[in-house]
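Read the numbers this way: they start at 1 and go in the same order the structure lists the ligands and their atoms. Computed over heavy atoms, backbone and side chain alike; hydrogens, waters and symmetry mates excluded. Just so you know, residue 1 is the first one in the sequence shown, and it goes up from there.
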Amino acid sequence: MNAPAQPRMPVESGVPDAFQFMHPILKKNYGKWKWHERPRPGVLHHLAESGDHVWTVRAGTQRQMDVFTVRKLCDIADRYADGYIRFTIRSNIEFIVGEEAKLAPLIAALGAAGFPVGGTGNSVRTISHTQGWLHCDIPGTDASGVVKALMDELHEEFANERMPNRVGITTSCCEINCGGQGDIAVNIQHTKPPRITHDLVANGCERPAVGARCPGAAIRPAVVNGRPTLEVDETKCVCCGACYPPCPPMQINDPEHTKIAIWVGGKHSNARTRPTFHKLAVAGLPNNPPRWPEVAAVVKKILRTYQQDARDWERIGEWIERIGWPRFFELTGLPFTPYHIDNWRGGRGSLNASAHIRLSAGTGSGR
Ligand code: SF4
Ligand code: SF4
C-alpha cells in the first residue's frame, strides 16, 4: 500500500531568525527589561530584571552603502564594541556593548570615521527616502541625493535632542509617495500632463490597464498614424504620474515642470494622537540637484519655527492643529496660495481622503 501523500511544506524565504545575530545579553534578557534611559543623545542604556546592563550606540549612515563602508562599520564593531550590530528602519546602525567603559572609545571611533552619533529622543531622525534611481524605474528626482544634501545641513539636529518632539522627515521621488507620511515630507510634484510618444504605446502598454489607473478618468483610447494609442484629456488630468509606470511612453518627468513640494504634519505613530496625513505647505520648488538649496531653506524655516513655537512633546502636526493653519503660514512666512485649496471636484468621490487643506464652507477659515 502506498504511504499517504504528505502535504508539501512551503519554502520559508523570509527574513532569517534574528536571535542568531543578537548580542548575548539581549538574547538572555529578551522581553525582561526593567527600565531604560538615555545617558546622552544617541546612547540607550537598558537594565534587565536579571541585573544585566546593556548600552546601545546609534549612528547615522549614508543609507545606501558600498561594501567597503559596511566592512568599515563591522571593523569598528569588532574593535570597539562586542562584535554585534543591527540596522534600524531609518538605516541607522546600532552597536551593542555590555560595558560602559567601551562607550567613549566607540563613539570617538565612529566620529573619526564620519558617522555621527544621535537620532534618539527629540532629535531630527535620519531622513528616510524612497528607492529612487537605484531600484525604481519612475523617479522624478534622486531621493537619496535630497536626503544627503538635507542631512549635511541638519546633522547638528540629529546629534542633539533640541526639538519639542521627534521629527521624522521623508523624501519621495514621485507622487506615489512610497516614503509614507512625514512630519516634514519632501515629495516630487508634477505640474504638466504626460507627453505621449504614440508610436511606442501600441507595443509597450496594456492600454485598458493604463486607463484604469487614472484617478481623473482622463485617459481614453485613440488612434494615431493608424495605430492604437491613448490620449489624455488635459482638463481632467491632475498630473499624478500614475499612468507613467505601466506605460513609459507617457513620459511625465520634465527638467523644468517636475517640481518639489513640501508637506507637513504627517505621522504613522498612534502615540498620544491618531496617525495623520501630511498636508501641503509649499508647492513648486525647483528640482535643483545636487544640493537642492531651495528645499533646504524651506525645511530649515519650518523646523526652526516649530522648535521655537511648539509646546513640549507636540509633533509638527499637533502643533499646527493647535495654532491653526493661518498662524502656521504667518509664523513661517510661507505664502498661502490657491494650490493649497483642494477644489478638485473628483475629491468627493475619493472618500474625502486627499490630504490637502480644506476651506470650511461655513467659516472660510483655513482649518
Ligand atoms: S516614490 Fe515613486 S519613484 Fe520613488 S521609489 Fe517610490 S514609487 Fe518609485
Ligand atoms: S498623470 Fe494621472 S491624472 Fe494625468 S493622465 Fe496620467 S494617471 Fe491620469
Numbering the atoms of ligand 1 from 1, which are under 4.0 Å from a heavy atom of [X]?
X	value
Ile138	3 (S), 8 (Fe)
Gly132	5 (S)
Pro139	3 (S)

Starting from [atom], what is the nearest protein heavy atom, named by residue and atom, and what distance separates them?
atom	answer
atom 3 (S) of ligand 2	Val238 N, 3.3 Å
atom 5 (S) of ligand 1	Gln131 N, 3.4 Å
atom 8 (Fe) of ligand 1	Cys136 SG, 2.3 Å
atom 2 (Fe) of ligand 1	Cys174 SG, 2.3 Å
atom 4 (Fe) of ligand 1	Cys173 SG, 2.2 Å
atom 6 (Fe) of ligand 1	Cys178 SG, 2.2 Å

Contact atoms of ligand 2, heavy-atom distance to [X] under 4.0 Å:
X	answer
Cys237	1 (S), 3 (S), 4 (Fe), 5 (S)
Gly241	1 (S), 2 (Fe)
Ile219	5 (S)

Got a sec: is Cys243 within less than 2.8 Å of atom 6 (Fe) of ligand 2 via an N/O/S atom?
yes
Are Ile138 and Ile252 connected into the same hydrophobic cluster when the rule is that any two of I, L, V, M, F, W, Y join if their side-chain heavy atoms are below 4.5 Å apart?
yes
Run the ring pair (Phe, Tyr, Trp, His ring centres under 6.0 Å) test on His340 and Phe329 for me, step by step, so that the C-alpha distance in whole Å, both residues' side-chain angles and the decisive distance to 0.1 Å come before the verdict.
CA-CA 11 Å; His340 291 93; Phe329 285 102; 5.0 Å; yes
Between His45 and Trp35, is the gap from one ring center to the other below 6.0 Å?
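Yes - the distance between ring centres of His45 and Trp35 falls below the 6.0 Å cut-off.
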Of the backbone and side-chain N, O or S atoms of Cys240, does one lie nearer to atom 2 (Fe) of ligand 2 than 2.8 Å?
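Given the 2.8 Å cut-off, Cys240 counts as a ligand of atom 2 (Fe) of ligand 2.
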Contact check, Ala143 vs ligand 1, heavy-atom distance below 4.0 Å:
no
Looking at Lys102 and Glu99, is there a salt bridge between them, counting it only when a charged N and a carboxylate O are closer than 4.0 Å?
yes
Answer yes or no: is there an ion pair linking Arg195 with Asp254, defined by an N-O contact shorter than 4.0 Å?
yes
Chi angles and distances behind the side chain to side chain contact (heavy atoms under 4.5 Å, CB included) call for Met163, Leu303:
CA-CA 8 Å; Met163 291 288 149; Leu303 262 184; 3.9 Å; yes
Could you check Thr88, Thr126, Leu110, Ile93 and say which one makes a side-chain contact (heavy atoms from CB on, under 4.5 Å) with Arg58?
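Exactly one candidate clears the test, Thr88.
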List the steps and the verdict of side chain to side chain contact (heavy atoms under 4.5 Å, CB included) for Thr258 and His190.
CA-CA 5 Å; Thr258 293; His190 299 300; 3.3 Å; yes
Would you please test Ile219 and Cys243 for side chain to side chain contact (heavy atoms under 4.5 Å, CB included) and show each step?
CA-CA 9 Å; Ile219 299 176; Cys243 51; 3.7 Å; yes
Please test Cys247 against Cys205 for disulfide (SG to SG under 2.5 Å), starting from the C-alpha separation and ending with a verdict.
CA-CA 5 Å; Cys247 189; Cys205 311; 2.2 Å; yes
